[in-house]
Amino acid sequence: MLSRILTQNFVKRGMIAEEDCEIYEYGFDITIYTIWSTAALLLLGFLLRQFIPAAILVIGFYTFQSSGGGYHAKTHLRCFLTMVVGLLVGLSAVFIKDHHILLWILLGIGALLLLLVPLVLHPNKTYLETERKRLTIKSIVVTLSVLTCVVVLNVFWNRMLYAFSAVFFLAGISRIAGKIAYDRSAEA
């Protein structure tokens, strides 16, 4: 609704052509949802007194999702609820924060999943198929870069290892879930 109001306001001012309304409305809708959901997730982390780990989870997950794809819910509400559940699961890793070997194993499994399935294109993004090789390389570089930063950071400061482990593991699960879902929809 807000996206429609914004779009119509820009049309009235002559800043958007009438035939482009759908595109701009979609863009505004995604932008508003992303800002709102990110703020809500960070607020939840703040209320749970885990703001920094929540920020690590949100930023890390967005990074992996935007560089290599993964599971996408069909509605904003389902997406938000999935993110809330993922955030709560990720933050619950605080209960194993003193079990460094387990955290490194989770991080390793997540990194392995992200590297084994480096790119999952949403069915609506078939126009990117010609860019698959470049996008795959980009995703691998992002994964290895973040992994390197996490390993180096945790050599000196391992208080947030549980958050980093959770984000890698959850992003890896999202990537696999997206691949399974999109492969099934292609078969149907």
Side-chain angles (χ1 to χ4, degrees), residues 2 29-122 138-182:
L2 180 57
D29 185 53
I30 294 297
T31 302
I32 291 165
Y33 166 73
T34 302
I35 292 168
W36 174 87
S37 63
T38 302
L41 292 168
L42 293 174
L43 176 62
L44 180 59
F46 177 77
L47 293 174
L48 294 172
R49 296 181 179 180
Q50 291 200 55
F51 181 78
I52 292 174
I56 290 169
L57 283 157
V58 170
I59 293 167
F61 194 80
Y62 284 177
T63 299
F64 290 126
Q65 196 81 348
S66 63
S67 69
Y71 175 76
H72 285 275
K74 294 184 192 293
T75 67
H76 288 322
L77 179 60
R78 285 183 186 169
C79 178
F80 180 68
L81 293 175
T82 301
M83 287 293 292
V84 167
V85 169
L87 181 68
L88 293 174
V89 168
L91 293 177
S92 70
V94 73
F95 295 114
I96 59 171
K97 73 178 182 178
D98 296 326
H99 302 282
H100 291 242
I101 292 174
L102 181 58
L103 294 174
W104 284 108
I105 290 170
L106 284 175
L107 188 130
I109 290 170
L112 187 61
L113 293 174
L114 291 169
L115 293 169
L116 287 174
V117 183
L119 182 67
V120 175
L121 289 177
H122 189 278
K138 176 186 169 191
S139 176
I140 291 169
V141 168
V142 167
T143 301
L144 292 174
S145 298
V146 174
L147 181 62
T148 301
C149 290
V150 167
V151 170
V152 170
L153 176 66
N154 280 284
V155 166
F156 302 104
W157 184 67
N158 62 9
R159 290 186 54 213
M160 292 297 142
L161 180 58
Y162 72 96
F164 290 114
S165 297
V167 77
F168 268 86
F169 188 74
L170 292 170
I173 297 298
S174 172
R175 190 80 52 85
I176 297 300
K179 179 168 179 34
I180 291 168
Y182 305 148

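Throughout, numbering of the chain's residues begins at 1 and tracks the sequence. Note: hydrogens, waters and symmetry copies are ignored here, and every other heavy atom, side chains too, is used. What you are looking at is a predicted structure, and each value in this text was computed from that prediction instead of being measured.
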Please name all residues satisfying ring-ring contact (aromatic ring centres under 6.0 Å, His included) with [X], sequence neighbours left out, ordered by chain then number.
X	value
Tyr182	His122
Trp36	Phe80
Tyr33	His76

> Do you know which two heavy atoms are closest between Gly86 and Leu170, and how far apart they sit?
Replying inline: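 So the two residues come closest at O-CD1, 3.2 Å.
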
> What are the two closest non-hydrogen atoms of Pro118 and Ile140, and how far apart are they?
Replying inline: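 Taking Pro118 first and Ile140 second, the nearest heavy atoms are CB-CG1, 3.7 Å.
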
Distance check, rounded to the nearest 0.5 Å: [X] atom [atom1] versus [Y] atom [atom2]?
X	Y	atom1	atom2	result
Ile105	Leu112	CD1	CG	13.0 Å
Ser174	Phe169	OG	CZ	12.0 Å
Thr148	Leu144	OG1	CG	6.0 Å
Leu44	Leu41	CG	CG	7.0 Å
Thr34	Asp29	OG1	CG	9.0 Å

>> If the condition is side-chain hydrogen bond (donor to acceptor under 3.5 Å, both in side chains), which residues does Thr38 pass it with, not counting sequence neighbours?
In response: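 Counting only residues at least two positions away or on another chain, Thr38 forms a side-chain hydrogen bond (donor to acceptor under 3.5 Å, both in side chains) with Tyr62.
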
> Who are the side-chain hydrogen bond (donor to acceptor under 3.5 Å, both in side chains) partners of His99, not counting sequence neighbours?
Replying inline: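 Partners of His99 under the side-chain hydrogen bond (donor to acceptor under 3.5 Å, both in side chains) test: none.
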
> Does any pair with a residue in residues 154-165 pass side-chain hydrogen bond (donor to acceptor under 3.5 Å, both in side chains), and if so which ones, sequence neighbours excluded?
Replying inline: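 Those involving residues 154-165 are Gln50-Tyr162, His100-Asn158.
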
> Just wondering, more than 12 heavy atoms not from Leu47 lying within 6.0 Å of its CG?
Replying inline: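 Result for CG/Leu47: enclosed.
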
For [X], which residues count as a side chain to side chain contact (heavy atoms under 4.5 Å, CB included) partner, sequence neighbours excluded?
X	answer
Thr143	Phe64, Leu114, Leu115, Ser139, Phe168
Ala73	Tyr71, Arg78, Cys79
Ile56	Ile52, Met160, Ala163, Phe164

Kindly list each side-chain donor-acceptor pair under 3.5 angstrom involving residues 87-96, sequence neighbours excluded, with atom names and distances?
residue : atom : partner : partner atom : Å
Ser92   : OG   : Val89   : O            : 2.6

>> I'd like to check the salt bridge (Lys or Arg N to Asp or Glu O under 4.0 Å) partners of Lys97; sequence neighbours left out, ordered by chain and number.
In response: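 Scan of Lys97 (salt bridge (Lys or Arg N to Asp or Glu O under 4.0 Å), adjacent residues dropped) gives none.
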
>> Could you check whether any side-chain heavy atom of Met83 comes within less than 4.5 Å of a side-chain heavy atom of Ser37, counting everything from C-beta outward?
In response: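 No, too far: nothing below the 4.5 Å cut-off.
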
>> Show me the pairs that pass salt bridge (Lys or Arg N to Asp or Glu O under 4.0 Å) and involve residues 164-181, at least two apart or across chains.
In response: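 Counting only pairs at least two positions apart or across chains, the salt bridge (Lys or Arg N to Asp or Glu O under 4.0 Å) contacts touching residues 164-181 are Lys179-Asp183.
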
